[in-house]
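Below, each value reflects all heavy atoms present in this structure, side chains not excepted, and no hydrogens, waters or symmetry copies.
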Amino acid sequence: MNRFLYIPALAGMFLFTAFGFSQARTQDTRTTNSLVIARANSPITLDGQLEEAAWQEAAVATDFWQKFPIDGVPAAKRTEVRATYDDRFFYISAVCYDVADYVVQTLKRDSRFFDGDGFGVVIDPLNRRTNGFLFGVSPYNVQSEDLLSQSSFGNLNFSWDNRWFSEVSRLEDRWVVEIAIPFKTLRFEAGIDTWGINFFRNDLKENQYHSWTPMPVNFDLTDLGYTGALNWDTPPAKTGTNISLIPYVRTSHYKDKEADPAASETEFDAGIDAKLALTSSLNLDLTVNPDFSQVDVDVQQTNLTRFNLNFPERRPFFLENADLFTSFGPPPARPIFSRRIGLDENRMPVPILYGARLSGNLTKRFRIGLLNLQTRAEEGRNGQNYTIATFNQSVWDRSIIKGYVTNRQAVVKDEGLDYGDYGRNAGVEFNYVNLPGTWNVIGGLHLSDKPDIGLGTFRNIVISRDTRNVSFLVDYFGIDTDYYADIGFIPRLDNYDAANDTIVHLGYEHLFTRAGYTFRPKGDRAVIAHGFSLRNVMDWQPDWTFNERSSSIDYDLRFRNTSRASLSLEDNDTRLLFATRFTEGEPLPPGKYTYSQASVAYSSDERKSLAFEGEVQMGEFFNGTLNRFSAGLTYRVQPWGNFSFSLEQNYLRLPEPYGAADLTLIGQRSEVNFSNKLFWTTFFQYNTQSDNFNINSRLQWRFAPMSDLFIVYTDNYLSTPFLQVNRNRGIVLKLNYWLTL
């Protein structure tokens, strides 16, 4: 394959910049869209009926705009939204006119909200456009909620949970939702008489999304830069006592047949979490002996890179106001990564004795985060204390200055550690975002300190531009060899030398550039968007000696029926620094490798009961070949059942004596929702690369708001034919209850 793919992305970026500046500055939606909220003059009964006088007298927000696939035109379906309040609750109602043939993917909370019909509200209580809340409800009253920040746009995971209430009624020509959000759930500053707010509709039957405020098609529905104004007749007062206790009890039975085929272990455990609102916008979380056995199992991945993979944080204690702790550094180089706390290098849990976290607003513009956790000392493992302190200062319209200090400290000096008694980090970043959100500039400086090593530095700068048609991004960071991040995730720093069976810590300079153009045809056409993008990744050694390049050109098609297709061509030039093993044969020796690949992918209409996706990647891999085939099939029985099957097969062929490998990854997930309170999920994963077959089955009964009973069964086998060798198995019964004082 010709080297036509090596494209100087910086030149392309500047070519596109001229078009990017032509987009007019967006008008402030807080001046064009406003809603007055008045106190309810009668009690509100949450039933989805809207028969109370307070609803009849409330102001109405309507005249929604279509946001996707075409922006700037009135929404075809009418939506009416009202808001009111009393001493305890902030109430929102929505009448969503529509036929009854809804697209509802699941009855499970926080699952696939944007993949089905729904109504959502974005709330910015501080009216600063930097942080807020998302609450969403489906036509079957399935709730979803999440925290919003500048770093969360496009990366929502709905992992934040809190107490709020909703009811839905479904009629022939409309569905009606009624929402009650306790003021104790919203972290707001007393005395602010204008909040930022936006309302939106998911209309998946038409593959459309509607917004109360006019939003450009290239932004997320949850973007806080496009909120309207919610004007209070009287600013909400400070909430009273706001304390939540979440105790749990757990019993488990476990057999580790690899360690001792005849032994088994039964445990009983208990712990407690507590949430204390010190002010209406500052929260203290406490935990004693936390347990995360109910958290979803990680989705396995085939790794044919030279570095570790990043798995997302799922544990509830680390999620509220998570942006205060985890948004530093450009992805994937994160100096703070909470999964490094309480999990070892094999993603196995390390017992946490206790923890405390203070997070929220001290003032309207100033946020803080303080975290301290202590892990338990075990045989062969020293106890660790982790401390993180962060601040976030809002400046101008949407920009922030933020900084952090972290410390990992061994409890017992010189015992049980191979990476030093301590690791300390500090950093500061400035993130500029213009009012319409089209320009984003980030600059940062980070330091580390470890015993016998001293100071190391890590610096980064990101410049991005995003308009309706044109986008580009330049992401540079440089990391010294003396830089370490014991509570972070930074790939490429630790390199495995297979010839000497050792880890080599080596800094590097990194430059990622991307530029793209998207065509958005008007009218009722089969194709709603298509475009191309150019991507280039460059890495150098600390002395700026060339190390690696990866360049690609991608073309993407999006269809009105929600299906997608893409084509990608990629060219690579790698100067391998260390012997690297990809098979059971001899490791590849250091040297220069040039290789190219091509891939094509397609996913079908996700609204159908039966949907499928597939990808084929073929080409060279270092001095050999790699052909990859993946396929997925999903069958949905609306709204109670989702059954999916995925297969990935990699055929790696290297010349002798470097070997060959056939890597298989199979996943099967079954989700049965007996109601919106009782769920059963079973996950099978077969991975020949990790030589493991895993079964994880979980029954969850939400018997009260935010209170659950879990039964979790796990089983692991060596991935031999017919699963003859059992490695370990266990069953867990866990009960937690959310008590509000």
Q: With sequence neighbours excluded, tell me which residues meet side-chain contact (heavy atoms from CB on, under 4.5 Å) with D71.
A: P216, V217, R468
Q. Among all residues two or more places apart in sequence or in another chain, which pass the side-chain contact (heavy atoms from CB on, under 4.5 Å) test with R564?
A. D556, R558, S603
Assess, by modelled atom type and distance only, whether the side chains of [X] and [Y] contain a donor and an acceptor separated by less than 3.5 Å.
| X | Y | answer |
| --- | --- | --- |
| R636 | Q105 | yes |
| K402 | S327 | yes |
| Q143 | S166 | yes |
| D708 | Q700 | yes |
| N440 | S464 | no |

Q: Look at the rings of F219 and Y226 and say which category their plane angle falls in: under 30° parallel, 30 to 60° tilted, over 60° perpendicular.
A: tilted
Could you list the residues that satisfy side-chain hydrogen bond (donor to acceptor under 3.5 Å, both in side chains) with [X], not counting sequence neighbours?
| X | result |
| --- | --- |
| R367 | N131, N321, D323 |
| W680 | T682, S697 |
| R520 | none |
| N434 | T438 |

Looking only at the aromatic ring of each residue, does the gap between the centers of [Y] and [X] stay below 6.0 angstrom?
| X | Y | value |
| --- | --- | --- |
| W195 | F188 | yes |
| W164 | F135 | yes |
| Y85 | F90 | no |

Q: Write out all pairs satisfying salt bridge (charged side-chain N to carboxylate O under 4.0 Å, His left out) with one or both partners inside residues 190-200, taking only residues at least two apart or from two chains.
A: none
Q: Sorted by first residue and then second, give each salt bridge (charged side-chain N to carboxylate O under 4.0 Å, His left out) pair with at least one member in residues 74-88; sequence neighbours left out.
A: R39-D87, K77-D98, K77-D203, R78-E80, E80-R82
Q | Contact list for residues 167-179, test side chain to side chain donor-acceptor pair (under 3.5 Å), sequence neighbours left out | A | W55-E178
Applying salt bridge (Lys or Arg N to Asp or Glu O under 4.0 Å), can you list everything that pairs with [X], at least two apart in sequence or on another chain?
| X | answer |
| --- | --- |
| R560 | D524 |
| K108 | none |
| R128 | none |

Q. Nearest 0.5 Å, what's the CG-OH distance between L46 and Y91?
A. 7.5 Å
Q) Would you say W738 has more than 12 foreign heavy atoms packed within less than 6.0 Å of its CH2? A) yes
Q) Are the side chains of T79 and F199 in touch, meaning some heavy atoms are under 4.5 Å apart? A) no
Q) Does any non-hydrogen side-chain atom of D117 lie less than 4.5 Å from one of K205? A) yes
